[in-house]
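Okay, so here's the structure we're looking at.
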Amino acid sequence: MKIEQYRIDQHNEGLLGKHNNQFIFLKEQLGEQGIDANAIVKTLQAFQVAIPSWALGTGGTRFGRFSGAGEPGSLEEKIEDVGILHALNRSSGSISLHIPWDIPKDADAIIQLASSLDLKFDAVNSNTFQDQKNQELSYKYGSLSHVDPKVRKQAVDHNIEVIKYGKELGSKALSIWLSDGSCFPGQSNFVKSFQNTLESLQEIYAALPEDWKVFVEYKAYEPNFYSTVIQDWGSSLLFCQKLGPKADVLVDLGHHLPNANIEQIVATLMMEGRLAGFHFNDSKYGDDDLTVGSIRPYMLFLIFVELVEGMKRAGKGSDGFAWMIDASHNVKDPLEDLLQSVEAILLSYAQALILDSKKLEIARGENDVVLAQQLLQNAFRTDVRPLVREAMLHSGGSLDPIGLFRDLKVRNGLIAERGLVTVATGL
Ligand code: RM4
Ligand code: MN
Ligand code: MN
C-alpha cells in the first residue's frame, strides 16, 4: 500500500487556512524575539529519524503479546510500512534492520524497493541476546563476554555477518546492544567479562569497513538482573575509547537507572565527540519503550537543548548523528504510535531551537537562576506545533499525519492486503 501525493495534497488543502494563520502568528511572535521561523523550519526538514524494523509490529511483554492486524510479515512489507510513515511526515527517511529478524535475501531488490519509497538503510543491529534456530552454541550465559572462546567466536562472526548484510544495503554503522551480564552475585568475574568483551569487540572493530562506525549501546539491567557488562555510558565510553575513533556511544533513553540526568550524559558525550546518536522512546519505570514524549516531554526538551548546543559547538548538522526510535507498542497501532513519536522528537527539537541560548549563557554567568529557568521554560511552553507542521508541509508531507492515516483507513487497507492474523518478527 502506497499513499499517493495527491491524497496528501488534497487533505492538506482543507487544513491550510487554519495552519497558515497559526504559523504566521507564531512567526511574528518569534520574529519579535529575533528568531527566524523559516530557518527553524528548514532545520526541522533536515532532521530524519530512522524507524527500526522491529517496531512495525505489535510488541509483547514477557506475559504475552496481543498481535495487531495487518502487521508486516516480511522485510518488504516492513519497508512498505516505513514508506507510509515517510510519505506522511517526510521525516522518517530510513529503516534500521535487526539481524537475523530481518535478513535481506535479495539486497538489490530490497534497495530498489526502499529507494522507490525514498528510504535509506540506517545502522544494522546484531542480535546475540537470543538463541536462533539451528544455532550451534547457546548465549544463555553470554555472547561476546562468554567464558568459552568458542561462544565468543560465534558471536563475533555473527556481528561480522551483520556488517556484510549492512554493506550490501548501504548502511554505514553496526549497532551493538550486548545483553551479557549476570543474574546473581558470584556468577561472573567482572574483570574477565570486560576483557573478553573488549577482545571480541576489537575483532568486530577490525572487520569494519573504512567508512563505517560501530555504536556501542549500554543498558543498566534486563535481561540480566544483577550485573550487565556494558551497564552505563561510562562503561560504553571506556570500550569506545579503547576501540578507537570508529566507536561511539549510543544512548537509548530507556536504559538508565531511575532519575539519571540523561541531558548531562549527552552533554558530556558530545563534549568528548563520542555521541553516536539516539534510540528514542519514553518510560516511567524501566526500559518501557513507550511513545517518545508521552511521559517526560520536559526531559526530552532538555536533552535537545544539549544536542542543539553540542551540534553548534561541533559545527555538525543533525545528519552527523544517528537518530532512531526504539519503541515497542503493546496497545496502539504501531504506525500511529511511530507517527506520534516522530512528531514528539521534532517538537522537542523545535523548542530547543527557539531557546535564547545567548541570554541563557549570560544568566548563567550572572548566577541568575530564576532567569535561566524562565528562558528554558519560555521555550518549552511555546506551542511550536505550527513549525513542525510547516516543515512537513514544505517537504511534501501531511499537515496532520495521523488524521490522514485514519481518513485513508490505511490500517484497513493493510489488513485487506495482508490479512487479519499476521505476526511481525521482533520481540
Ligand atoms: C534492547 C535494546 C536494543 C534493541 C533491543 C530489541 O533493549 O534497546 O537497542 O535492539 O532491545
Ligand atoms: Mn535500544
Ligand atoms: Mn531497550
Side-chain angles (χ1 to χ4, degrees), residues 49-62 65 78 94-103 121-132 139 142-144 155 158-159 162 165-166 171 173-181 201 213-225 228-233 235-236 239 247-258 260 262 265-266 269 275-292 294-296 300 303 321-330 334 337-338 341 345 424-427:
V49 190
I51 305 294
S53 61
W54 61 98
L56 297 158
T58 313
T61 67
R62 68 185 195 276
R65 176 173 178 167
K78 289 182 179 186
S94 61
I95 179 164
S96 185
L97 301 190
H98 219 301
I99 308 292
W101 292 337
D102 294 293
I103 293 186
F121 289 91
D122 201 68
V124 272
N125 302 260
S126 58
N127 181 337
T128 58
F129 49 88
Q130 290 172 325
D131 284 346
Q132 307 299 330
Y139 295 135
S143 56
L144 297 179
H158 165 69
N159 276 278
V162 174
Y165 286 126
S171 291
L174 166 72
S175 202
I176 301 180
W177 166 60
L178 188 69
S179 73
D180 290 21
L201 286 174
K213 287 241 175 192
V214 58
F215 302 158
V216 182
E217 187 174 356
Y218 58 91
K219 179 168 173 173
Y221 70 93
E222 198 201 21
N224 278 293
F225 292 106
T228 301
V229 179
I230 313 182
Q231 58 162 331
D232 58 11
W233 70 277
S235 325
S236 180
F239 278 112
D248 284 331
V249 180
L250 183 76
V251 177
D252 182 313
L253 291 181
H255 287 191
H256 305 83
L257 290 174
I262 305 176
I265 295 172
V266 169
L269 288 173
L275 178 76
F278 263 72
H279 278 183
F280 290 108
N281 47 52
D282 209 343
S283 53
K284 187 151 177 68
Y285 302 106
D287 190 21
D288 306 350
D289 280 339
L290 300 175
T291 320
V292 183
S294 61
I295 309 271
R296 295 177 294 173
L300 187 64
I303 288 171
F321 301 86
W323 314 109
M324 195 187 86
I325 291 170
D326 187 2
S328 171
H329 334 276
N330 298 337
D337 195 342
L338 287 162
S341 279
I345 292 167
T425 47
L427 280 181

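For ligands, and for the atoms within them, numbers begin at 1 and follow the listed sequence. Only a predicted model underlies this, so the values are computations on that prediction, with no experimental measurement involved. Here, residue 1 is the first one in the sequence, and each next residue gets the next number.
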### Query
Does Asn125 have a heavy atom less than 4.0 Å from any atom of ligand 1?
no
### Message
In this structure, does ligand 1 have an atom that sits under 4.0 Å from one of the heavy atoms of His255?
### Response
yes
### Query
Heavy atom under 4.0 Å from ligand 1: found in Asp287's side chain, backbone, both, or neither?
side chain
### Query
Parallel under 30°, tilted from 30 to 60°, perpendicular over 60°: which one fits the rings of His255 and Trp177?
tilted
## Note on the structure
Near Trp54 (heavy-atom distance under 4.0 Å), the atoms of ligand 1 are 6 (C), 10 (O)
### Query
Relative to ligand 1, is His279 under 4.0 angstrom through side chain, backbone, both or neither, heavy atoms considered?
side chain
### Task
For Ser96 and Asn125, test the side chains for any donor-to-acceptor distance below 3.5 angstrom and give the result as yes or no.
yes
### Summary
Counting from 1 in the order shown, the ligand 1 atoms closer than 4.0 Å to a non-hydrogen atom of Asp326 are 2 (C), 3 (C), 4 (C), 8 (O), 9 (O)
### Query
Within the side chain of Asp282, is there an N or O that forms a donor-acceptor pair under 3.5 Å with the backbone of Ile295?
yes
### Query
Counting each atom of ligand 1 from 1 as listed, which ones have a heavy atom of Asp252 under 4.0 Å away?
8 (O)
### Query
Side-chain contact, heavy-atom cut-off 4.5 Å: Leu338 with Leu56?
yes
### Message
Would you call the rings of Phe225 and Tyr221 parallel, tilted or perpendicular, taking 30° and 60° as the class edges?
### Response
tilted
### Test side-chain contact (heavy atoms from CB on, under 4.5 Å) applied to Ile51 and Ile325, step by step
CA-CA 6 Å; Ile51 305 294; Ile325 291 170; 4.1 Å; yes
### Task
Quick one: list whatever passes salt bridge (Lys or Arg N to Asp or Glu O under 4.0 Å) with Asp252, sequence neighbours left out.
none
### Task
Before signing off on this row, confirm whether Trp101 and ligand 1 have an N or O atom pair separated by under 3.5 Å.
no
### Message
As an exercise, state the distance from CG of Asn330 to CZ of Arg65, rounded to the nearest 0.5 Å.
### Response
10.0 Å
### Message
Under 2.8 Å from the Mn ion (ligand 2), which protein N, O or S atoms do you find? Ignore water molecules.
### Response
Glu217 OE2, Asp252 OD2, His279 ND1, Asp326 OD2
### Task
Let me see the working for His158 and Ile99 under side-chain contact (heavy atoms from CB on, under 4.5 Å), right down to the final yes or no.
CA-CA 9 Å; His158 165 69; Ile99 308 292; 4.2 Å; yes
### Task
May I ask you to test the Ile345-Phe278 pair for a side-chain heavy-atom distance under 4.5 Å?
no
